[in-house]
Amino acid sequence: MEKKKVLLGMSGGVDSSVAAILLQEQGYEVYGVTLKLWEEEGKESTCCNLDATLGAKRVCDKLGIPHYTLNAKELFQEYVIQDFICQYKNCRTPNPCIECNKYLKFGYMYQKAKELGIEYIATGHYAKVEYSEKYGRTVIKKADNIAKDQSYVLYNIPKEVVEKVVFPLANMKSKEEIRKLAREHGLEVANKPDSEDICFIPDGDYKRFLEEHSDLKAKEGNIVNLEGEVLGKHQGLYRYTIGQRKGLGIAYSEPLFVIDFEPEKNELVVGTEKEIYQKEMLVNQINLLLIDKLEEPIKVMVKTRYSSKEYLATIEMVQEDTIKVIFDEEVARITPGQSAVFYIDDMVLGGGKIV
């Protein structure tokens, strides 16, 4: 019987390397691919630099797997970098990993797999793909290791690709279990540390990145409260995000947080802790995976950030591409530009961008 072919995205890290081992054990004919996404003179990306690419190739050589390197820099610039800059220009806080997953890892990579005659694609994400009898389709579910679950950043992958995706790490219980497997197979990456940064901003200084790659520059303006009282000065609206407390440089009788932006006036609006809570929000740029259309209001669990807890809420369509979310309890730090992801049990219903 002919083996099923799978194209595995490899970053040179331990997760994608162990994913290759597991796919082989599951009987797949594995092909490794490293996408070249970003390059900046004097600075290296954390996921596709030369060391990462060579590391992925060494793993493939050891496991007897063909390895490809594909140049996707122009697509990354168009869909990830430009979106990142545009969002900050419009006083929104983006999550570039979500755009990268949609357009690069599960868009471009899937197209390349088809061109190579490979039916499936795989990544080292912590999530599950299973067929649901109830919904009559393949669905994305949370990983067994909830602490590492990455289903949040996968809600936006093209719906038609879901049934062609394999997540080999779905059932892994811990990172140590993954490292142990890598050591058993003699992989050099077994003890390689995880990268938690945005891949194209390895030093974490997103303000510097924006200033060097766009026309965003420090522009002083007023920091005001909801009554319009001037409390201090800011150095550029792109330097702040909703819910931010530190770095405001204001002495006040109680802690203050960023609660809004007034770009027309170049004003940063701050408020007290009770003013960062909301009961409702709107979400657009919707991608539904579990159902084709939201016909009536339903109860779901909602995550408003990758690291946030889930909140019980009712969602309903209010326009063709807009969902209204009404929380059962008030939620803090709802941030335009971030993604809201909806869950039913452990399944990803879908999600969209917070307006």
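Cation-pi geometry between Lys303 and Tyr306 is met: the NZ or CZ atom falls under 6.0 Å from the ring centre, inside 45° of the normal.
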Worksheet item: What do the steps show when you test Tyr31 against Glu29 for side chain to side chain donor-acceptor pair (under 3.5 Å), and what is the final call?
Response: CA-CA 7 Å; Tyr31 297 77; Glu29 184 178 333; 2.4 Å; yes
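Heavy-atom neighbours of Lys246 NZ from other residues, nucleotides or ligands within 6.0 Å: at or below the threshold of 12. Heavy atoms of other residues, nucleotides or ligands lying less than 6.0 angstrom from CD of Glu320 number 12 at most. Under a cut-off of 6.0 angstrom, the local environment of NZ in Lys134 is sparse, with at most 12 non-hydrogen atoms contributed by other residues, nucleotides or ligands. The neighbour count for Lys57 NZ, taken as heavy atoms of other residues, nucleotides or ligands under 6.0 Å away, does not exceed 12.
Here the closest non-hydrogen pair linking Ile98 and Val153 is CG1-CA, 3.8 Å. Here the closest non-hydrogen pair linking Val189 and Gly13 is CG2-O, 4.1 Å. Between Met281 and Thr304 the shortest heavy-atom distance is CE-CG2, 3.9 Å. Of all the heavy atoms in Arg179 and Ala190, the pair that sits closest is NH1-O, 2.8 Å. Of all heavy-atom pairs between Val325 and Val283, the closest is CG2-CG2, 3.9 Å. Shown here for Ala127 and Ala143, the closest heavy-atom pair between the two residues is N-CB, 3.6 Å.
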Using residues 343-355 as the side-chain source, report each donor-acceptor pair under 3.5 Å to any protein atom, sequence neighbours left out, with the distance given to one decimal.
unit_1	atom_1	unit_2	atom_2	d
Tyr343	OH	Ser151	OG	2.8
Tyr343	OH	Tyr152	N	3.3
Lys353	NZ	Glu99	OE2	2.5

Distance-only criterion, 3.5 Å: show the donor-acceptor pairs between side-chain atoms of residues 67-77 and protein atoms not counting sequence neighbours.
unit_1	atom_1	unit_2	atom_2	d
His67	NE2	Thr34	OG1	2.9
Asn71	OD1	Lys73	N	3.0
Lys73	NZ	Glu39	OE1	2.8

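Here the side chain of Asn287 pairs no donor or acceptor atom with the backbone of Pro158 at under 3.5 angstrom. The main-chain N or O of Val224 is never found under 3.5 Å from a side-chain atom of Glu267 such that the two would form a donor-acceptor pair. Distance alone, capped at 3.5 Å, is enough to place a donor-acceptor pair between the Asp321 side chain and the Gln285 backbone. Under the 3.5 Å distance criterion, the side-chain polar atoms of Arg137 are left unmatched by any main-chain donor or acceptor of Ser132. Proximity of a side-chain donor or acceptor of Lys217 to a complementary backbone N or O of Ser214 within less than 3.5 Å is detected.
For the residue pair Thr241 and Thr93, a side-chain donor N or O sits within less than 3.5 Å of a side-chain acceptor on the partner. When only modelled atom types and interatomic distance are considered, Asn191 and Arg183 share a side-chain donor-acceptor pair under 3.5 Å. Under the 3.5 Å distance criterion, with hydrogens and angles disregarded, no donor-acceptor pair is assigned to the side chains of Glu160 and Tyr110.
Residues Phe84 and Trp38 place their aromatic rings such that the two centres sit no closer than 6.0 Å.
Using bins of under 30°, 30° to 60° and over 60° for the plane-to-plane angle, the ring pair Phe106/His125 lands in the tilted bin.
Here the options are Lys175, Lys148, Lys192, the test is side chain to side chain donor-acceptor pair (under 3.5 Å), and the partner is Asp15; only Lys175 passes. Here the rule is side chain to side chain donor-acceptor pair (under 3.5 Å) with Tyr238, and of Gln87, Arg92, Glu211, Lys207 only Glu211 fits it.
Side-chain contacts under 4.5 Å among hydrophobic residues (ILVMFWY), followed directly or transitively, place Ile326 with no other residue at all.
At a threshold of 4.0 Å, the pair Lys180-Glu177 does not count as salt-bridged, since none of the basic side-chain nitrogens sits closer than that to a carboxylate oxygen.
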